[in-house]
2 protein chains.
Amino acid sequence: MVDNEPPPVILTIAGSDSSGGAGIQADLRTFAALGCYGSSAITALTAQNTTGVQGVHPIPPVFVSQQAYFFVDSLLQLSSVLSDIEIHAIKTGMLHDTDVILAIVQALKGHYTGAKMPPIVCDPVCVSTSGHTLLQPGAIGALINDVFPISTLITPNRAEAELLVSSKYPGFTISSLEDMITAATRLVVHGSACLVKGGHITASLQDVERVIKTYSQVSVVKDELLEENMEILQIGNDGLRSPRLVVDVLDLGGDLTLFVRPFIVSENTHGTGCTLSSAIASWLGRGQDLKSAVRSGIMFTHLGITTAHKIGQGHGPLNHLHSISQLIIPKRTPSNPFPFTRLLIQKSQPVWKQYVEHDFVKLLGQGILPKEAFIYFIKQDYHYLKYYARAHGLLASKSNKFSDIHSAADIVLHILRELEMHRSFCAHFGITADELESTPQSIPTIAYGSYLIDIGMQGDSAKLTMALLACLLGYGEVGLWLKREASKPGSWVKLEGNLYLKWIEDYSGSDYQAAVRTGLAKVEEQAVRDPPSPARLQEWCEVWEKCTWLEKSFWDAAMSGDNTTKTS
Amino acid sequence: MVDNEPPPVILTIAGSDSSGGAGIQADLRTFAALGCYGSSAITALTAQNTTGVQGVHPIPPVFVSQQAYFFVDSLLQLSSVLSDIEIHAIKTGMLHDTDVILAIVQALKGHYTGAKMPPIVCDPVCVSTSGHTLLQPGAIGALINDVFPISTLITPNRAEAELLVSSKYPGFTISSLEDMITAATRLVVHGSACLVKGGHITASLQDVERVIKTYSQVSVVKDELLEENMEILQIGNDGLRSPRLVVDVLDLGGDLTLFVRPFIVSENTHGTGCTLSSAIASWLGRGQDLKSAVRSGIMFTHLGITTAHKIGQGHGPLNHLHSISQLIIPKRTPSNPFPFTRLLIQKSQPVWKQYVEHDFVKLLGQGILPKEAFIYFIKQDYHYLKYYARAHGLLASKSNKFSDIHSAADIVLHILRELEMHRSFCAHFGITADELESTPQSIPTIAYGSYLIDIGMQGDSAKLTMALLACLLGYGEVGLWLKREASKPGSWVKLEGNLYLKWIEDYSGSDYQAAVRTGLAKVEEQAVRDPPSPARLQEWCEVWEKCTWLEKSFWDAAMSGDNTTKTS
C-alpha cells in the first residue's frame, strides 16, 4: 500500500480449501488485495479442487478455539491470538458442526467480555456449489441462535436462505425478488442485518421496478448499468439496454436496499461467497459503513468473476487481484533514501558512468586538461545555461502551485549566479564578455538545449524535471567524486595548483550541493506523490538517459576540439 | 494485475500459522503480492501468534497427501489437486515429521512420473524463531535424503544449516561468511542448490572482500548499497558508507554468489523464511532463472522487513504488500466497456447533467429555442471552434507517435468541416461570414477556449485530451439523448418542422458519433496503457469537470443573452 498506516487486521474463521479458490485461502487473498492483514482460525481442512470436495478433515473444536483464543490456562500459559493482535473485523465461513460453532462463540464472547466486538460478517456456509455438505445438518440451530445474534451481517445465498428460513417456515423456497425480500425479513429477526444473494435468481429491470412499487422502504443501488446521461457508453452494445440482472437484497431491519448489476455467464464462481463476505469484512475493517461495505464487496466480487482466468478443470476461482498493480519504484527506506534516483542511475549505468567519469573530468581533476578544451567547454556551457534557465522558466509556467513556481524561479536565479563563475573563468583565460556572447553554438549545444525545451513543450512538469535532472545531478556527482578521490592518499586528483580548482570547488561546494539535495528531494517526493505507471516510468527513464548521453556528448565535443560547430 | 495472462500457480506444502505472519498464510500473501495464484497443502496447524507457538495440531499424513494428490482410489474416486491445476512452482515449509515427508514425496513423484517436476524451493523448517520444534528430530534424514534431491533450492538459515550439516559433520557451527560457504558446499551434495541465509551472522564489506580473494568462483550482488557513481545518494547519511551487512550465500554447485545488503534492526521478522522461499518460488513460477529469482526474493523479503507495521506484541509479521497499489480505474468488462469514461461522468454527475440536459438543449429539442439564443450560441461556437482546432494542433505537437499526430490532425480537419455547418446555419439566419468573423468573443468563450490552450501548455497530451473530451462527448450525448427521446411515443422532442433539426441530426449522426467512438476508445486505451496514480486521476477529473462546467456556462450565456460580452 502506498501509505504507511498499519493495515486493518481481519480474522477469518473458516475451512481451508487446498485448491486455493475458496475457504481461508480466498479470504486471505481478498484481505491482501484490499490492503488488509489476514489472520485465520481454521475450522476444517478440505481436500478439494475446482471440480468438487474430495475430503473433509475436521479440526477438534478445542483446537479451533485455541487458534482463535487461548484461555489463560494454568497448564498451557498461552496468550491468545485475539489478545495479541487487535482485530478490526471478523468473517466466519465453514463452521462444520455444533461443537465448532459453540467453541468459537464462547471464545469470542469470552475475549470481548465488556468490550465492543469488531464487526462480524457471517457467511452461513452449508453446502458447497458441488453439493458437498459443509455444515452438519444438526448445526443450523447453533448457527441461527448463537452466531447470528453476534453478527453484523449474514450473507446467505439462495439455497442457504431457503434452508435457514425453512427451519421456522418449513418448505420455504425462493424463486423471485419478492421471495428474497421475504427471506431477508425472516432472517433479520435473529439479530443481524441480512444480505440475500441473488446469483441464482433471474431478474430484470422490470422486476426491480415492480419491487420498488410494492415495498415502501426500498432503495436501489445500480452498478455497471447504464445510468442517465450515459447514452454514449452504449454505442455498439444494445445488450446493455435491457440486461439480465443479478440483484442482492440487503435488509438492515426494515430498511431494504437492492444491489443491481449485470448477470455474468461464468464458470469461475468457486469461492464467490467466501470472497464476498471477506471483501465486506475488509471494507468494514477499513471503516466503511455497512451499506457502502456491501456495495464495495459486491463490486469486488463481481469484477473477480468477470476478470477470472481459467484455472483448473471445473468451476475455477475468481480473480482476486483485479484491482492491484505492482509498484515499480521501491519504497523509501533508511538504507535507500532515494529509491527513484537510484533506479534512474541504475537503469542508465553505462551512459551515466561515461558521463561522470569522462576523460574531460579525469584530466580536469589531474589539472592537465588542455586549456583550449576547457575554454571550448566553458563557452558552450555559457550558451547551454541560457537554455537551462529558459527551461526552468518553462517549468515555472507549467507549475500549478506557488511553491513550485517559487522553486523554479529560485533555480533560474541560481543559474544566473553560476554564470558569474563562467564570466570570471573566461576573464581568467583572457576571453571577453563580447567574445563569449558571439561564440557560435555547437551542434551538441543546440541538440541538448533544444531537447530540454522540446521535452518541456511536449510533456508535463514531471517529464521536464527528468530532463533537467541529468545536468544538476551529474555535475554534483562529478564534484563529489573528484573531492573524494582527492582525499585519498596518493590520489590521481591534484587540487594544489590545479588550474581548474575553482571549478571543482564550486560543484563540490555547499551551495551547489544544496541545490542537488533540493532536486533529489523534489523528484523523490514527486515519485511518491504521483507514482508513475510502467509506461510513464519508461518515458521518464528515456528522457533522463538521453540527457545523460547529451551531457557526455557535450564533453566529447570539448575533447574533440569543436569539429561540430558549423552554425551559430 | 494489469495484463490478462493467467497467473502462475504456486503450491505451498507447509504448516498453518493462525496469526497469519508465517506458514501458508505468509506464503499465500506473498504469492498474491507477486501476482501468483496460491494453492496449499497444510501439513500441520499451529496455534501461534507473534510471541510464540502455543500449540501444534498435526494432520494425519494420508490426509496431507490427499490434499496434494489423491490417488485414484476405488473408495474415494477423487481426482487430485495436482492433476486438476497445473502447478508452476512449489515451496515446502514445515513438514512436521517423517511420515508427512514421505507421503508428500511419494505423492509428488507419483504425479510427475515421466514428467518434469516444477521447480521446488524447500525451506527446511526445523525450529521456530521462538524455539519451538517444528520438525521432529528423527525427520532430518528424510528431509535430506528424500526432499533435497527433488528440490531446486534449499534455503536453510544459520541454525538449520548447522543442524543439517551436523548430521554428517557432528558439531558443525557457523560464525563467519567462510563457515556459511562451507555449509553450502556440504549441503549441495544432496542434489539441490543451496542458499544459506545470513540474517544471524554479522558481516562487513571487509568480510566480503576477504571472501572474494579467498574463493575463486565467487560473484557478488549488492542491493541497497552505494555503488560507484552514486556519491550524491549518500548526502547527509554517512552511515551508508560502511554499513553492517547481511550476506546470503548461494551455491549452485561450485558457482557461488554472495547477496549483500544492509542489515536492518527490526522486531518484525516473524515469517521471514516462509516469505523468502515463497517469493523465490513465485519468481521461479514467473519464469525467472534461479539466481534472479533468489535476488528478487531476497529484496522482496528485505523490503517486507524494512516497511513492516507493528502488529501484535512480539516479533511481528513482515509487510508483504509493500510493492502493490490499488488500481483505481476498474477493469474493462463486457458490461462496462468504458470504465474510465464512466468514472469521469460519475464523478462529475451533477455538472454533467446540467450540461447535457441544459434548458438550451431542451428548448432546442422542442423547436422553441429563441432564435436570438441560438444565433448567439452559434456565433460564439464559431470562435470556440478556432480554439478547439488550435488545441488539437497543440495536441499534435505534444504527441510522440505519427499515429497520434495523424489522429489529432484528423480532428482538426473534422472541426473545419463542422465550421461549414455553422456557416450554413448562419446563412440560414441571415448572418454573413463577415458578421460571424467580427462578432466579439464573450467572456465564457474566452474562458473556455483559453483554458484549453492553458491546459495544453501546462500538461502532457493525456491531460490535454481530458480537456478536449467534454466538448466531444457532451455534444454526442446531447445528440443521442434528443434522438432517443424523440423516438418515444408522445415525446417532448419534436423533430418535424424543428428549426434546429439539422443541428440535432448532425450531432446524433454517424459522422459525429464515429468521432465520439474514436475519442472514447482513445481515452480508454490511454487509461489502460498508462494507468494514472490517484493524484494524476484527480487532476484529470478536475480538468474534465471544469470543461463540463465551462460547456454549461457557454449555454448559460446563450440563454441569458450575452450579458458578459465586454471585449472582442
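Here the structure is a predicted model, which is why all the values come from computation and not from measurement. So that the names make sense, note that chain A is the first sequence line, chain B the second, and so on, each numbered from 1.
More than 12 heavy atoms of other residues, nucleotides or ligands lie within 6.0 Å of CE in A:M299, so this atom counts as buried by the packing criterion.
Using a 4.5 Å cut-off between heavy atoms, A:E228 contacts chain B through both its backbone and its side chain. The part of B:K463 that comes within reach of chain A is its side chain, from C-beta onward, which places non-hydrogen atoms under 4.5 angstrom from that chain. Neither the backbone nor the side chain of B:T12 comes within contact range of chain A, judged by heavy atoms closer than 4.5 Å. With a 4.5 Å cut-off on non-hydrogen atoms, B:L303 touches chain A through its side chain but not through its backbone. At a 4.5 Å heavy-atom cutoff, the contact between A:L28 and chain B is made by side-chain atoms alone. For A:D17, the part sitting under 4.5 Å from any heavy atom of chain B is the backbone (N, CA, C, O) and nothing else. Contacts of A:I24 with chain B are made by side-chain atoms alone, with heavy-atom separations under 4.5 Å and no backbone atom involved.
For the pair B:R342 and A:E224, the salt-bridge criterion is not met [side-chain N within less than 4.0 Å of a carboxylate O].
No donor-acceptor contact under 3.5 angstrom links the side chains of A:Q458 and B:S397, judged on distance only. Side chain to side chain, B:N229 and A:E357 meet the donor-acceptor criterion of an N or O pair below 3.5 Å.
Figure legend: cation-pi geometry between B:R29 and A:F31 absent, as NZ or CZ is not positioned both under 6.0 Å from the six-membered ring centre and within 45° of its axis.
Heavy-atom pairs under 4.5 Å with chain A were tallied for B:P262, B:G456, B:G38; the largest tally goes to B:G38.
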Give the C-alpha distance, both sets of side-chain angles, the deciding distance and a yes or no for side chain to side chain donor-acceptor pair (under 3.5 Å) between A:S323 and B:Q326.
CA-CA 6 Å; A:S323 295; B:Q326 304 284 327; 5.5 Å; no
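In this structure, B:L233 CG and A:L480 CG are separated by 10.0 Å, a value rounded to the nearest 0.5 Å.
The shortest distance between side-chain heavy atoms of B:T306 and A:K331 does not fall below 4.5 Å.
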